[in-house]
**Q** 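Below you'll find the structure I mean.
As the structure lists them, so they are numbered: ligands from 1, and atoms in each ligand from 1. Residue numbers run from 1 in the order of the sequence given.
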Amino acid sequence: MNRKRVIIIAALLALLGGVGPLVLTFYLSQYLALEAEEGRLQLISDLALDRSISTFASAIKALHKFDTLPFKPCSEAHIKLMRTVTITTHTVDDIGYMANGILKCNAGGMTRTMIRGNPVDFTLEDGEGVSVGVAPDVGGNKSMTSVSYKSHMVLIDASRFADIVIEPDVQLAVLTSSGKLLGTLHNPDLSLINAIARGPNGTHVKDDLFATKRRSGLVAIAIEPRRKIIPQVRREQIVLFPLGLLLAISMVGAVILFSRRRLSPLGELKIGIDRREFIVHYQPIIELKSGACVGAEALVRWQRPDGSIMRPDLFIPLAEESGLILGITDQVIALVIREMKSILATDHNLHIAINLSASDIKSGRALTVLGKALLNSGIQPQQIWLEVTERGFMDIDTTRATIERARALGYTVVIDDFGTGYSSLSYLQEFRLDALKIDKSFIDTVGTDSVTSSVTPHIIGMAKSLKLKIVAEGIETKAQADYLLEQEVEYGQGWLYAKALTSTGFIQYYWHNKLLSSPPNKKPDRNGVAAQ
Ligand SMILES: Nc1nc2c(ncn2[C@@H]2O[C@@H]3COP(=O)(O)O[C@H]4[C@@H](O)[C@H](n5cnc6c(=O)[nH]c(N)nc65)O[C@@H]4COP(=O)(O)O[C@H]3[C@H]2O)c(=O)[nH]1
């Protein structure tokens, strides 16, 4: 992902992280207030159902007192008993005796007009018939519910079914499960009640909140204006808003932190390693006397997602500092073996030099990785040269141990950038090495009157006396090449021969150089250039 995309995504995430929790706080406070209020309405509905059921129970109890009648129907004693039961049962407003569907007498005495029994709307569990909305002929002007059993019936004032104490703005209705209205409180909108009773799917209540409870064949519905939740919403917001604000700040902070890390050079390097964005270029190493290509130095490059290629000196120091270099070395080793396997297995005189960093030397891990990669590859260990620099010699004992181990495994160990540090000479005494690479800065002085120009022959002489192979780095001119040849330096690399090439570029270069080297009359000249 490139920087621009990271910045855009981070900005979007920050916006989302900043606004999201606040919007969430808003909705959550609404939701919690709604939940609390609906819970309260549920309780009210439940209470109303309790009241309805207990009203029925006490009326039925009163009714069953007349199951066996020891008196003559409508006798004085019978009427007296009906009157007593009516007075002592607070849910019952009247008791009557029926014969052939006609009311004969009630708690008030003998009936003078002909009053017919009401059609039964539904039957209770024990066979009592219930008629709803009974005309007020018997009980005054109120709407009544009658419950009849055998020859007796009781009348109940409809208001008793919803007779509970609630706030005036809460409306209540109790219905039978078939939708017959038993009782109401605070004059609910009956069309709304019927819509709610039919089921929530068909119910659209915009300005009101409601709760429904169903039990024992009855339904209680409590309704109140939606605006009643506003104070509760405010209370919830007082608690939730600071939390939402805190969350928003943390999320924006996390996004900033993450994007800063992601956009930091170290963050980008980590991602580059994870995504294996590293490639290797190969700079040919030439035998100066014959001009033959005898090897190459593997030089890592970072291929960025946008296709650009970053030079190693721009990221290797950071990778070394942070310890990420180990992952890069792993990738370089894997790439070298994969890309060069076929020519290295074909030509055992060809070598590839791999650069090791201080951490690689300290941990010795690169040797294990290399050992695994070389298994069954057909490549011989001496074909792998390991270049170590003075910068990598942080701990003399560990360095010595790693160098010894590398040599024992058959690898060729080269001291790179020789002469650029303070203690180059002492390291030659400390460690047993195979080759020495003269730094470009010394090669640059060849043929000049620079003060360091006189150092180059000393380095060469010293390497020879220690029987080290010598590679000269950074040869750019024919004069430099001629001088090195005169000094009997065996190998060289530099732009005079070739710059670092891609793997296919190097393989082509190698075969081309080999082809030209083969016929005696077409051998490459001392500069690796074939005679025409
Ligand atoms: N001007 C000029 N330059 C020439 C000439 N011949 C070679 N060079 C450059 O000199 C550097 C030689 O590599 P080095 O001394 O090992 O120096 C290397 C090495 O220390 C480090 N490096 C490269 N690859 C790796 C790697 O895989 N691992 C580690 N740890 N370090 C690496 O990065 C340094 C720079 O590498 P590069 O940029 O590839 O630069 C290379 C190469 O391209 C020439 O004739 N003229």
**Q** Just to check, does R301 reach to within less than 4.0 Å of ligand 1 when the distance is taken from its heavy atoms?
**A**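 In this structure, R301 qualifies as a contact of ligand 1 - some heavy atom is under 4.0 Å.
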**Q** Using protein heavy atoms only, decide if any is under 4.0 Å from atom 6 (N) of ligand 1.
**A**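 When distances to the protein are checked, atom 6 (N) of ligand 1 has a heavy atom within 4.0 Å.
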**Q** Should one rank I333, L299, T329 by closest heavy-atom distance to atom 18 (C) of ligand 1, which comes out on top?
**A**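 Looking at heavy atoms only, L299 sits closest to atom 18 (C) of ligand 1.
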**Q** Can E297 and Q493 be counted as having a side-chain donor-acceptor contact under 3.5 angstrom?
**A**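 Per modelled atom types, E297 and Q493 side chains form a pair under 3.5 Å.
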**Q** Would you say atom 29 (C) of ligand 1 makes contact with the protein, given that contact here means a non-hydrogen protein atom less than 4.0 Å away?
**A**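 When distances to the protein are checked, atom 29 (C) of ligand 1 has a heavy atom within 4.0 Å.
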**Q** Using heavy atoms and a 4.0 Å limit, tell me yes or no: is A500 in contact with ligand 1?
**A**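 No, A500 has no heavy atoms under 4.0 Å from ligand 1.
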**Q** Decide whether the shortest distance between a heavy atom of R311 and an atom of ligand 1 is less than 4.0 Å.
**A**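 It does not; every heavy atom stays at 4.0 Å or beyond.
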**Q** Backbone, side chain, both or neither: what part of Q283 comes under 4.0 angstrom of ligand 1, heavy atoms only?
**A**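 Just the side chain.
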**Q** Under 4.0 Å, heavy atoms only, figure out whether ligand 1 is touched by the backbone of K440, its side chain, both or neither.
**A**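 Just the side chain.
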**Q** Using heavy atoms and a threshold below 4.0 Å, how should the contact between V332 and ligand 1 be classified: side chain, backbone, both, or neither?
**A**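 Contact part for V332 vs ligand 1: side chain (C-beta onward).
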**Q** Answer yes or no for K437: is there a heavy-atom contact with ligand 1 below 4.0 Å?
**A**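 Judged by the 4.0 Å heavy-atom criterion, K437 does not count as contacting ligand 1.
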**Q** Kindly assign one of parallel, tilted or perpendicular to the pair F278 and F315, based on the angle between their ring planes and the thresholds 30° and 60°.
**A**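 Ring orientation, 0 to 90° scale: tilted.
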**Q** Answer side chain, backbone, both or neither: which part of D416 comes under 4.0 Å from ligand 1, heavy atoms only.
**A**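 Looking at D416 and ligand 1, just side chain atoms fall under 4.0 Å.
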**Q** Decide whether the shortest distance between a heavy atom of E297 and an atom of ligand 1 is less than 4.0 Å.
**A**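 True for this residue.
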**Q** One thing to verify: whether R226 and E37 come together as a salt bridge, which I'm taking to mean a side-chain N less than 4.0 angstrom from a carboxylate O.
**A**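 Judged by the 4.0 Å cut-off on N to carboxylate O distance, E37 and R226 do not form a salt bridge.
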